[in-house]
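Right, one structure below, let's go through it.
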Amino acid sequence: LALTYNNEIVSVMTFGSSRYNKNYQWEIIRFCNKQGFVIVGGAQKLFTYFCKTCNPNNVISYCDNHVQNNGQTILELSKYINLDLINSCK
């Protein structure tokens with residue numbers, strides 16, 4: 001899924017079947033914004049659309065604390081959607 005601004009992709013969130021923990025139906029594989037862009041509410045919009053479209057039972061996400069904001073973005077998403085969202089940070 002992607003958000004665009006002036007016909008240019010500025011934010012992307014990708015999903016797939018859970019790769020490492022088969023107890024989860026879906027996994028957030030990747031989320032990123034275009035370099036130099038801050039998209040306020042972008043992750044929430046993408047995740048909300050995914051949930052409305054795919055109706056997942058549960059979602060898991062992984063992050064590397066060296067490059068991610070301690071998983072804060074993903075943890076914030078769980079406040080907006082009532083589902084089992086697990087964030088596993090290393």
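- Of the inter-residue distances, the one linking Ser61 atom OG with Trp26 atom CH2 reads 14.5 Å to the nearest 0.5 angstrom.
- To the nearest 0.5 angstrom, Ile60 atom CD1 is 5.5 Å from Ser18 atom OG.
- The distance from the CE atom of Met13 to the CG atom of Asn33 is 9.0 Å, given to the nearest 0.5 Å.
- Residues passing the salt bridge (charged side-chain N to carboxylate O under 4.0 Å, His left out) test with Arg30, sequence neighbours excluded: none.
- Separation of atoms CZ (Phe31) and CD1 (Ile39) is listed at 8.0 Å; rounding is to 0.5 Å.
- A heavy-atom distance below 4.5 Å is found between the side chains of Cys51 and Pro56.
- Residues satisfying the side chain to side chain contact (heavy atoms under 4.5 Å, CB included) criterion with Leu1, sequence neighbours excluded, are Phe15, Leu46, Tyr49, Phe50.
- At least one side-chain heavy atom of Ile29 sits under 4.5 Å from a side-chain heavy atom of Arg19.
- Gln25 places a side-chain N or O within 3.5 Å of a backbone atom of Asn57 that can act as its donor or acceptor partner.
- Applying the side chain to side chain contact (heavy atoms under 4.5 Å, CB included) criterion to Ile9, with sequence neighbours excluded, gives Ala2, Thr4, Val12.
- Within 6.0 Å of atom NZ in Lys22, more than 12 heavy atoms from other residues, nucleotides or ligands are found, so the atom counts as buried in its surroundings.
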